[in-house]
Every structure is written in structure tokens, then in C-alpha cells.
There are 2 protein chains.
Amino acid sequence: MSSKKSPTRAVRRGKPARRAPLSRERVLRAAVELADAEGLAALSMRRLAQALGVEAMSLYNHVAGKDDVLDGMVDLVVGEIEAPAVGGDWKAAIRRRAVSAHEVLLRHRWAPLRVVSTLNIGPAMRRYVDATIGCLTAAGFSYALADRAWNAIDSHIYGFTLQQLNFPLAPGEYASAAQQFLHLIPPEQYPHMHAMSRLVIDGKHDGLQDFTFGLDLLLDGLERLLERTKAAV
Amino acid sequence: MSSKKSPTRAVRRGKPARRAPLSRERVLRAAVELADAEGLAALSMRRLAQALGVEAMSLYNHVAGKDDVLDGMVDLVVGEIEAPAVGGDWKAAIRRRAVSAHEVLLRHRWAPLRVVSTLNIGPAMRRYVDATIGCLTAAGFSYALADRAWNAIDSHIYGFTLQQLNFPLAPGEYASAAQQFLHLIPPEQYPHMHAMSRLVIDGKHDGLQDFTFGLDLLLDGLERLLERTKAAV
DNA sequence: TTGACATACTTACGCTGTAAGCCACAATGT
DNA sequence: ACATTGTGGCTTACAGCGTAAGTATGTCAA
């Protein structure tokens, strides 16, 4: 069995060219790629190490453990979100930030669940939060109101995206899927849900959700609040 | 070793009084209790069986597997939410529904993550959705608009609650916690976040989030949309 | 009484995260 | 030039997970 153990070492001695060394950065990027491609469930320390051409325990020289990997992945993803500019049109800036966050989270389908279930204080997250607060206060919001506003916007981002990701149908399949599941919604028990399903089946309602619908409701409401506080002064 | 196997059977033969039989209902209720008390992470099939005085595999006579347990738990929790009345003041009804959902989800801290990550079509969820659609359409919303409205409200419920649960501090500790973590937010790099933290430390901003802030922004916006569509007719 | 059936228990498999120890190599101090 | 030390990767091992498969027990109908 010692002959089974040797080869890798023999090879390494013969080839002094070593493999690219690991680093926290490389580990995290590989983790994001793996999760993007195969889902969070497929991300185990062994699979991740395999993708890097390394054994599982080697990762522990660069990350503290799986939780650390997941936290690092979240911060990497948050770094992709467009931070709002401070000064200028606050409403447009915050809107762009929200739309950007939505897009990024859709790109990394595993991310929203982690973002909302980790107390994340990585550098990308801090930069992102700082720019948001700055944008709002520069526009005239008090810190207290900016805090509430930011929280409401983010609630919409996370809540909407999670619901959207959870919904497993491609837009085109929606009508036929509604047809298929209609028997679960008998009209006697669920008259309104049944009626809406019929509209979807008949092509009279696409059933598609629009991220900006709720977003604009919030932004318009915030704008009115801001004008009111300005008028009061 | 056969003597090790016998006692339970001997006891059972001696005591013809049998333990309460399992049922899907009993299993699910025990699962909710366990998750409420010790968190979702502590809920394994073995622990759940133990809580019911039974072996793990016995549960599989009543539930299809762990996923089925989790889905059933979600539907049980959704059943606790107050469904809105159809007809009458839609705004008050939808508001009560949202506040009720928020309270229920805070009672079962493990639930929001599961609600947004399971395609759940259990009976309680259907009843809940049906009443919501009915309430909105009875108020004059078109089905398409009711669909968007309902989605926006639920996005707020899930997003807000998840953020709130994720935030690990009790209200009283907030100021002192901000003090403790202030060094992570140097004013040169994060001026606005730093400024807000200072306000919290100095007691000038409580930092508490209000569920109804974003909710009322949405409801007021929806009301305006409704009036506009009515005026157009 | 006997057979069928439902329920519960036992065993076993492949997976997980990670603690502990080992070993080869590179850099450093002498 | 040589010994020393530290670093990063490897191997092994452990406890726990969900659950497939097989077995034993208790209840009820014929």
C-alpha cells in the first residue's frame, strides 16, 4: 500500500513546478463559481477542494471553516452591486442601486438566502451601506428617516428576489403549469385563486411580477415624505 | 447481546397500555415545537423521533422525508396567520394580515427562511392566498393589479422579517453594541455609516426598525393607484 | 385460529464538517 | 554549508446526518 501513497510525491519531486498556491481569494472565487453552477447544496468542503485540485483539509489553512467560506462568498457578491452616488438625484441613484442588487442576486441564485441569514459585516457590505446612507442624507433625509428608508428598500429587494427565485417556472411555462395545477384549486374552496388561475391559463394575465412595481411605490412614498419634512422646515 | 434487545419488548408485553400512536399531525407539531425551542439546525430526524419517544425510521411511516416535514411545518405556521376578510375596508384588512404574518413569523424564527425557499402549496397557504386575492379584487383592484399588490406586500413581510431576525441584538443592547463595533467603521472610509453609528451611541437615534413604515408606504401607494383606476372608469 | 396488514425497530451506506497528526519543502539564522 | 523553523498540503478518523432495505411485533378480519 505504500506504493499507493507514493506517486503524488514522486511526481512532485520530478516536477518542481508547483501548482498555483491557494489563497483565501482563490478559495472564495471557486466557491462562488461552484455554487453558481451547481447550487449551494453541492458546495461541500470536499467538492470545493476537488475543484481546486486539493484535499478538503487544505482549505482550512486559508479559511476558518465552511461558515467563513459562505460569509466570504456573500461579501464577494455584494461587491458586485452598484453603489449609489452621493449627491445628485437620490431617487434615480437608489433606484439604480436596487435594480442592480436585484440583478446581482438573480445571477447568484444561492446568495439571497445567505445574505439574509448571515450577520455580514465584510468590507463590500460596509461600503455598500455607507454609500446608501450617504446618498439619502445628502438628499435631505434625516438619519432616522434614511435608516427606515434604506431598510424598507432592502426588505423589498430581498423579499421580492427570494419569492421570484423560489418560483420555479420559466415565464413561458406559466400558463401551462397553471393548467396542470388547477385541480389543486377547486373553485368552491378557493374561488379567487381559481379565478386568477383561469386568467393566466386563458392568457389574460401573464402572472409575471415586476420588481420595479413595489420599488416605485416605496420610492414615491419616500419622496412625498421627504418633501413634507422639507416643507415643515 | 440478545439480553440487550429484549427489555423494551418485555416491558411492552408487561404493559399492554401502548404509547400514543404517531400521526402526520403529531410529527409535524413536534417538529415545530422542537424548531421553535432549539432552532432548525437542531431538527434532525433522529432528534425529532427522540422527542416523540420513537426511532427515526418510524417517522417515515407518516412523512415522506425531511423535506416533507419542513413543508408541513411551514403550512402549519401559515395557518396561524390571520386571513383578511373579503369585503369591507381592504386597506385595514390587508394591513392586519401583514402585521399578523409578521408576528407569526417572529414567533417561529426558523419559518421565514423556509417559507421563501419552498414552493409551498399546502392547504393553509392556499386559503391564505385566496383570501388575500379576494379581499383585493373585492375592493376594486383588477386581478393583475391585485397580483402585483399582493406580491409587493409579501415581499415586504418576508424581507423585513428576515432582516429583523438576522439582526442579533436586543433593542436595549443596540447602543452599546454600536460602541463596540465602531472601530470596524473608521470615519475616513465609511463617513456616513460612522455618523449614523455615533447617533445611535449618543442615544439620538434608536436604530429600531418599524415594520409598518414600509408597509404603510406600500398601502398608501396602492390606495392611490386604486383611486386612479377608479377615476379612469 | 390464521393470515394480512400496518407500525415500529435494526442495520447499514454514503455523505457531511472538521479535529489531530504527519510529512515535504522553503526560508532563515548560524 | 548546514541545522532549524514554519508553512501548507495530505491522511486519517470521528460523530452526526438522511434514508434505503430488511425484520420483528401487534392488531384486526375472515
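Sequence lines set the chain letters: A, B, ... in the order given, protein chains first and strands last, and positions in each chain run from 1.
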message: Can you tell me if A/R109 has over 12 outside heavy atoms packed within less than 6.0 Å of its CZ?
response: no
task: Establish whether the base of C/dT16 is bridged to the side chain of A/R47 by a donor-acceptor pair shorter than 3.5 Å.
output: no
Residue B/M45, side-chain atoms from C-beta onward, closest of C/dG17, D/dT19, D/dG9: D/dT19
- prompt: For C/dC9, does OP1 or OP2 lie under 4.0 Å from any side-chain N or O of B/S58?
  reply: yes
- prompt: Would one find more than 12 heavy atoms of other residues, nucleotides or ligands at under 6.0 Å from atom CZ of B/R96?
  reply: no
message: What is the separation between atom CG on A/L52 and atom C1' on D/dG9, rounded to the nearest whole Å?
response: 13 Å
message: Without decimals, in angstroms, what is the distance between B/N61 CG and D/dA20 C1'?
response: 13 Å
message: From C-beta outward on B/A56, which listed nucleotide comes closest to its side chain: D/dT19, C/dT10, D/dG9?
response: D/dT19
query: Under 4.0 Å: is that the gap between some side-chain N or O of B/H62 and OP1 or OP2 of C/dA8?
result: yes
task: Find the distance B/D67:CG to D/dG18:C1' and express it as a whole number of Å.
output: 10 Å
Selection from D/dT11, D/dT19, C/dT7 that lies nearest to any side-chain heavy atom of B/K66: D/dT19
- prompt: In whole angstroms, how far is the P atom of D/dA21 from the CD atom of B/E55?
  reply: 20 Å
message: By nearest atom, which of the nucleotides D/dC10, C/dG17, D/dT19 is closest to the B/Y60 side chain?
response: D/dT19
message: I want to verify a distance call: between D/dC10, C/dT10, D/dG18, whose nearest atom is closest to the B/M57 side chain?
response: C/dT10
- prompt: Is A/D71 paired with A/K66 through a side-chain N to carboxylate O contact shorter than 4.0 Å?
  reply: no
statement: Of the candidates D/dT19, C/dG17, D/dC17, the side chain of B/S44 sits closest to D/dC17
- prompt: Is a donor-acceptor contact shorter than 3.5 angstrom present between the side chain of B/R46 and the base of D/dG18?
  reply: yes
query: What about the rings of B/H156 and B/F160, do their centers lie closer together than 6.0 Å?
result: yes
